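Here the structure comes first, spelled out in C-alpha cells, and everything after it is commentary.
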Amino acid sequence: MKSNSASKIVLYWHRTDLRLHDSPALTAALSLKPTTFIPIWTWDPHYVYRSRVGPNRWNFLLESQQALSNSYNNLNPNQKLWVIREAPQTVLPKLWERWGVTHLVFEKDTDSYARARDEEVIRLAEKAGVEVIVKMGRNLFDPDEIVSKNGGKPTMSISQVEKAAEKIGDGNPERPLNSPAANDIPDPLPLEKMDLKGIQQDKVDDQAKMDVNSGHRVGKDNQYIDIMGPNHDFGVPTLEEIGIDPSNIHTPHHGGESVALDLLNGYIKDEEYIGLFEKPNTSPAAFEPQSTTLLSPHLHFGTLSVRKFWWDVKDVMENRKKAKKPNASIPTNIPGQLLFRDMYFAAQAAIGEAFSRTYGNPIVRFIDWHLQTKTPEEIAHGKSEDKSYDVDSAEAEEWFLRWKEGRTGFPWIDALMRQLKTEGWIHHLGRHSVACFLTRGGCYVSWERGAEVFEEMLIDHETACNIGNWMWLSCTAFYAQFYRCYSPISFGKKWDPEGNLIRRYCPELAKFDKKYIYEPWRAPIADQRKWGCRVTGDKSETTTEDGQVYPKPMFDFDERRTASLDGMKEAYHVGLHGDDKQVKDGTWRKAFGIDDGGQRPQKKQKTKQ
DNA sequence: CCCGCGTTGGGGCC
DNA sequence: GGCCCCAACGCGGG
C-alpha cells in the first residue's frame, strides 16, 4: 500500500526487544532512511489471556515499555512507543492500509507461537506489497543456525553449542551495535493521520473467556475497550487497565533499558566479580544484595542485549588475562551461563511446539509422575470444567498446591516459594531445590505442573529456559543423574546456616534458634511457645492465642526421597519418551503396572533390589 | 568395552 | 575444607 513511491513508511514492531542499543532489527529499519517511522507494540490477546503472567511480570513489562517510549520521546519529541490493542495477525494489515506502510521490520523470534504468528504476518505483508525485514538479535547466535550446524538436532549439551558456534564464526557472537542518536529517529505521521478512528477492532471475547490470568485481575479488564487505549493516545497500558491491583506489586526488580544498563555497568566495574564468577559458587540464600546479576528478566524482555552482556564481560576477562589474573571458565562463568540460554533456545528451535511439554516430545523421558498433563484426546473426551491434568492422587495434588503456596512445612522450600511469589525471582539453585522437591526428589509430581507455576510467577520467564531447566531438574532431558537429590534441609543449611532466608520470607519462624530453623517440627513445644510460633497442622499464616502457626512437614522427606528414587529407576528401566505411542495413547500405564482403575502396584522392594 | 566426565548432592571421615 | 563413597545415567573418546 505505497502512498507514494518515494516515501518510506517504516513500521517497526517491538516484541522481544524493548531497547534501543544493539538492535540489528532497529538498525536495519533506520538504515532504510525512512520518511516516516512508527515504532509499535501490539497488545496481543494471546499473551494477555493465554500465557500465564503474574502481577510482577506485568509490572516489569509495563515499566520496560514506558521506559522505551520515553527514550523515543527524548530522541524525538514527536515519537513514542505506539501501543495498539489488538492481535498482530488482524491489526497489522489494517495499519499498513491506513498508514500507507511500505516496510515492516522486527526482531526474529523462534518461540513456537511466535513462529506461527510471524509466518502469518509475513504472508499477509507479501500479499499487501509490504516489504518485511527480520533480523536476529535475541540470542548470541541464531538458534536455527545453531541447529543446522548441530546436524539439525536439538542441542543437548554445552559442548554441542560451542562446537556449532565455532562453525558459525569463531565461537563469539557479533559485536554490539550502537544506539540511534537523536536525529536518527524520524517522525511518525502527523497526529491526525496516526488516529485509528473508524477502524473496526477485532473482538477478543472468546479468548477473554479462557483468561488463564483471571485470578490476578481484581478490577475491570479494560485492555480492549479501544484500539488506541482508553485515552485514545496509544499509551502504554497501566496496571489498572489490565485489572491488576498496583498494591499487589512488592518486587524490588524493575524493568527498563536504563535499569538494565546501569546494573550491567555496575558489575562490569567490579572486574573480580566478572572474572571469577562461577554460578555453582553463588549463594541461593543471598538477598540484598543477591549473589547473581538479576539481568535475566532484562534478557527476556530485550531491555538488555545478550551480545552486549557477552562482550562487556569478555572484554573484562580479556584484560584480566593480559594482566595474568585468573578467570573462571565455561560453563560456570558468565559467558557459559549465556551459552546455556542459547542451548535451550536452539533445542526449542529444533523441536518446535512439542518442546514445552512431554506429549510428542522426542527428547523428554517419560516418567509416571502424578498430575500428568492430559493428552489432547483425554481433554477432548473430558468435561469442559475438568482440569488440564490428571488428578491420579488427591494427596499429590495437595502436595502440589502446598508447594505452590509455600506451606509444605519445609522452611527452605517455603521461603523460596514465597520469595518467588512476592518478588518474581529466586536464585537458580533455589529453583533447583524447589524443582527437585516437586518432581523426582519428593512429590513425584509432573515437571509440567511446576513449569506452569514458574511461567506465572517468574519475571524472567523464558519458555525455552524454563522448560529446559524443568527437564534438567526432573532428569527427563539434558541431565540424568537422578540419584543426586537436593535435601530441603541440608542444601539450604550449607549456604545459610543461620537460616536468614527463612527468617526473611517465613517471618513466623524468625525467632527460632538456628538449630531448628530448617526443621522447626523438631523444636520442643516449650521453645515453640517461647519463639512465638507453634508448628502444627497444615496451614501457615494463621494465628492462635499462642501466636503464629507454621505447618508440620507434609510428608517424611526420607520416605518420599526413597519412593521417588525407586520410581525414577523403574521409569528409566521402562524407557519411554514423549513421542512414544504408549505415551500418546495412554497405554504407558500398562508398562508401569497401573490397572484400569488407576491403581498403582504395591511397591514392596526398597531402593536396593 | 572401558573410562572419564558432566555447571551446582549428601554424608561420613580425616 | 578436601576426599571418598553411595549406586549408577548418557555420552564421547580411545
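If you're wondering where the values come from, they're calculated on a predicted model, not measured in any experiment. Letters go in sequence order (proteins before strands), and every chain restarts at 1.
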Note to self: Looking at Ser490(A), I'd like to know whether one of its side-chain N or O atoms comes within less than 4.0 Å of OP1 or OP2 on dG11(B).
What the structure shows: yes

Across the strands shown, which category fits Trp472(A) at heavy-atom distances under 4.0 angstrom: base, sugar-phosphate, nothing?
base

OP1 or OP2 of dA8(C) under 4.0 Å from side-chain N/O of Lys569(A) = yes

Counting distance alone, no hydrogens or angles: does the base of dT7(B) have a donor or acceptor under 3.5 Å from a partner atom on the side chain of Glu278(A)? no

Here the distance between atom C1' of dA7(C) and atom CD of Gln481(A), to the nearest Å, is 11 Å

Whole-Å distance, Ile426(A) CD1 to dT8(B) P, equals 19 Å

Here the distance between atom C1' of dT8(B) and atom CD1 of Ile330(A), to the nearest Å, is 17 Å

Winner on side-chain proximity to His432(A), out of dT8(B), dT7(B), dG10(B), is dT8(B)

Between CZ of Phe277(A) and C1' of dT8(B) the distance, given in whole Å, is 11 Å

Per atom distances to the Arg561(A) side chain, the nearest of dG10(B), dG12(C), dT8(B) is dG10(B)

Whole-Å distance, Tyr483(A) OH to dG9(B) P, equals 11 Å

- Show the numbers, then the answer: is there a side-chain hydrogen bond (donor to acceptor under 3.5 Å, both in side chains) between Gln348(A) and Thr110(A)? CA-CA 8 Å; Gln348(A) 180 190 41; Thr110(A) 52; 4.8 Å; no

Centroid-centroid distance, Phe555(A) to Phe437(A), less than 6.0 Å: yes

Rounded to whole Å, CZ of Phe478(A) lies from C1' of dC11(C) at a distance of 15 Å

Only residue of Phe309(A), Trp425(A), Phe60(A) satisfying ring-ring contact (aromatic ring centres under 6.0 Å, His included) with His298(A) is Phe60(A)

Scanning all shown strands, the Watson-Crick or wobble mate of dA8(C) with both distances under 3.5 Å is none

Test Glu278(A) against Thr332(A) for side-chain hydrogen bond (donor to acceptor under 3.5 Å, both in side chains), laying out the working first. CA-CA 5 Å; Glu278(A) 287 195 274; Thr332(A) 54; 3.2 Å; yes

*If you look at every strand shown and take non-hydrogen atoms under 4.0 Å, does Phe482(A) touch a base, only sugar-phosphate, or nothing?*
sugar-phosphate

Between Tyr572(A) and Arg484(A), whichever has its closest DNA chain C nucleotide further toward 5' is Arg484(A)

dT7(B) and dA7(C): how far apart are their P atoms, nearest whole angstrom?
25 Å

Separation of dG11(B) atom C1' from Tyr486(A) atom OH, nearest Å, is 16 Å

pair_partner(dT8(B)), Watson-Crick or wobble, both distances < 3.5 Å, evaluates to none

Lys494(A) atom NZ is separated from dT8(B) atom P, nearest whole Å, by 11 Å

When both distances are under 3.5 Å in a Watson-Crick or G-U wobble arrangement, the nucleotide paired with dC1(B) is dG14(C)

Would you say the ring centers of Trp521(A) and Phe410(A) fall short of 6.0 Å from each other?
yes

